Protein chains: 2
Amino acid sequence: MTSIDEPAPRNGRIRDAARTQAEILEVATQEFARAGYDGARVDEIAARTRTTKRMIYYYFGGKEQLFTAVLERAYGVIREAEQQLDVEHLDPVAAIRRLAELTFDHHERHPDFIRLVSIENIHGAEHIAASEKLGRIGSPALEVIRRILTAGKESGLFTADVDAVDLHAMISSFCFFRVANRATFGALFGRDLVDPAQREHYRAMLGDLVIAYLTAERAAD
Amino acid sequence: MTSIDEPAPRNGRIRDAARTQAEILEVATQEFARAGYDGARVDEIAARTRTTKRMIYYYFGGKEQLFTAVLERAYGVIREAEQQLDVEHLDPVAAIRRLAELTFDHHERHPDFIRLVSIENIHGAEHIAASEKLGRIGSPALEVIRRILTAGKESGLFTADVDAVDLHAMISSFCFFRVANRATFGALFGRDLVDPAQREHYRAMLGDLVIAYLTAERAAD
DNA sequence: CAGCTAATGTACGAACTAGTACGTTAGCTA
DNA sequence: TAGCTAACGTACTAGTTCGTACATTAGCTG
């Protein structure tokens with residue numbers, strides 16, 4: 001009852017819709033990535049936030065929509081990164097190698113994103129399908145690849161008859177596998193694919209792999 | 001109350017421990033692959049079996065142990081397949097290509113296995129770690145790869161300085177990605193990587209990729 | 001500064017879910 | 001064929017977990 005002067009600070013609770021939403025998204029990303037969709041707990045997400053569970057439902061509607069929002073944000077990040085791509089001033093071989101390296105780096109730097117993608121695949125990509133933002137949003141990288149491939153083929157450097165989407169899949173495969181299957185691969189083969197000491201080794205290997213394919217001497221058929 | 005004669009047939013319930021266990025494992029594999037570890041329901045598994053939930057606990061102990069048993073069985077299947085490998089009578093190039101094709105086929109034929117591996121990775125491979133059967137069990141395929149690589153290098157056909165484990169990872173990456181990320185890749189890029197019409201295309205692409213890498217002309221360094 | 005609304009907090013409930021206590025029976029064995 | 005045990009079934013519980021009804025307040029607007 002000591003009604004001593006209690007100035008403005010109170011308990012520091014300030015209203016900020018944008019920041020609250022952003023914080024929920026950030027924590028939700030971690031929690032979903034940690035435990036999977038069904039393993040994630042809405043209460044746990046709320047607890048790790050300055051706000052309460054009520055706000056999750058207030059802003060996102062429910063667990064499903066929250067996960068969709070998390071995915072939208074994650075894909076947004078990768079999109080932004082891809083828009084920064086600046087490799088077209090290089091010759092085709094160097095450009096593809098650089099692109100592969102950047103893809104490699106991005107996967108390594110965003111293991112949570114990889115996990116989210118794995119989780120979404122377990123659920124048949126139903127959240128992507130339900131999202132307006134994510135429907136058939138191509139990838140900026142695809143356009144870049146397309147142009148490099150064209151240049152490479154015209155100059156005769158690239159002998160392979162590949163499609164941009166296939167090349168993208170090819171590059172992503174290795175980057176994705178290395179991060180996504182790190183745990184089982186390590187447990188079964190005793191090799192940590194994400195060991196920092198091996199990082200350069202694998203980064204170079206990916207580049208060599210893709211370039212070897214694109215520039216291989218083909219048997220005339 | 002009509003105590004009419006009810007002969008032997010009753011409801012056809014016959015006791016068969018081995019069969020009951022096998023049936024539980026089979027159904028559990030489907031359910032875990034369908035919904036993930038936390039998404040899978042023990043009651044649902046029991047319901048799809050001729051037996052009851054009680055039996056799951058009687059034979060396996062609990063949900064965790066059941067999932068571990070499912071993994072053990074799944075890895076057992078792939079091990080068996082790998083032991084049938086018969087490619088060493090081929091020349092190194094053909095042998096590696098054949099190996100890649102068999103890996104490709106196996107992944108395509110066992111999407112449930114791929115899903116289980118994805119799920120296990122989400123959970124940090126903790127069930128593999130908890131399993132006695134699965135601890136550091138290498139892969140029969142690795143020995144085969146090792147021998148082919150040695151032969152290829154000695155004959156001068158293979159110029160790449162790769163490790164068997166790395167080559168295995170390289171081949172698996174593409175096979176795994178194609179099946180595991182089918183849903184998101186299809187949703188985002190509008191291309192079904194497992195489309196039967198494209199099967200031969202991707203199967204050949206993988207072979208070309210690996211062979212190009214192994215036989216590429218290396219810049220002397 | 002009155003009043004209104006977006007933003008926030010608390011407490012609770014309904015439904016689900018892993019796991020278990022207890023009871024029954026098939027079918028082998030002495 | 002008596003009896004024993006592995007195999008099986010039923011019914012229930014304790015603890016979660018998503019979601020919501022209801023109450024409150026910050027802080028902008030006229």
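Letters A, B, ... are given to chains in the order of the sequence lines, protein chains preceding strands, and every chain is numbered from 1. All of these numbers come straight from a predicted model, not from anything done at the bench. Worth knowing before you read on, the calculation uses all heavy atoms, side chains too, and leaves out hydrogens, waters and symmetry mates.
When distances run from any side-chain atom of A:Asp43 to the nucleotides D:dA7, C:dT8, D:dC18, the shortest one goes to D:dC18. Of the candidates D:dC18, C:dT10, D:dC8, D:dC18 carries the atom nearest the A:Tyr57 side chain, counting heavy atoms from C-beta on.
In this model, the phosphate group of C:dT8 is approached by a side-chain N or O of A:Tyr59 to a distance below 4.0 Å at OP1 or OP2. Under 4.0 angstrom from either OP1 or OP2 of C:dG9 there lies at least one side-chain N or O belonging to A:Thr51.
The CD1 atom of A:Ile56 sits 15 Å away from the C1' atom of C:dA7 (whole-angstrom rounding). Put simply, CZ on B:Arg15 is 11 Å from P on C:dC28, counting in whole angstrom units. A:Tyr58 has its OH atom 8 Å from the C1' atom of C:dT8, to the nearest Å. Rounded to whole Å, the distance from CE on B:Met55 to P on C:dT25 is 15 Å.
Nearest-nucleotide positions on DNA chain D place B:Asp16 closer to the 5' end than the other of A:Gly62 and B:Asp16.
With respect to B:His123, the ring-ring contact (aromatic ring centres under 6.0 Å, His included) criterion is satisfied by exactly one of B:Tyr37, B:Phe32, B:Phe67: B:Tyr37.
Listed by residue number, B:Ala40, B:Arg41, B:Val42 are the residues of residues 19-42 of chain B with a heavy-atom contact under 4.0 Å to DNA chain C.
A donor-acceptor contact under 3.5 Å is formed by the side chain of B:Arg54 with the base of D:dG9. Side-chain atoms of B:Lys53 and base atoms of C:dG19 include a donor and an acceptor less than 3.5 Å apart.
In this structure, CG on B:Leu193 lies 9.0 Å from CD on B:Gln198, to the nearest 0.5 angstrom.
Using a cutoff of 4.0 Å between basic side-chain nitrogens and carboxylate oxygens, B:Arg203 and B:Glu200 are scored as salt-bridged. Here A:Arg34 does not pair with A:Asp112 in a salt bridge; the nearest charged N to carboxylate O distance is not below 4.0 Å. Ion pairing between a basic and an acidic side chain is recognised when a charged N comes within 4.0 Å of a carboxylate O; B:Glu143 and B:Arg146 show such pairing. For the pair A:Glu101 and A:Arg97, the salt-bridge criterion is not met [side-chain N within less than 4.0 Å of a carboxylate O].
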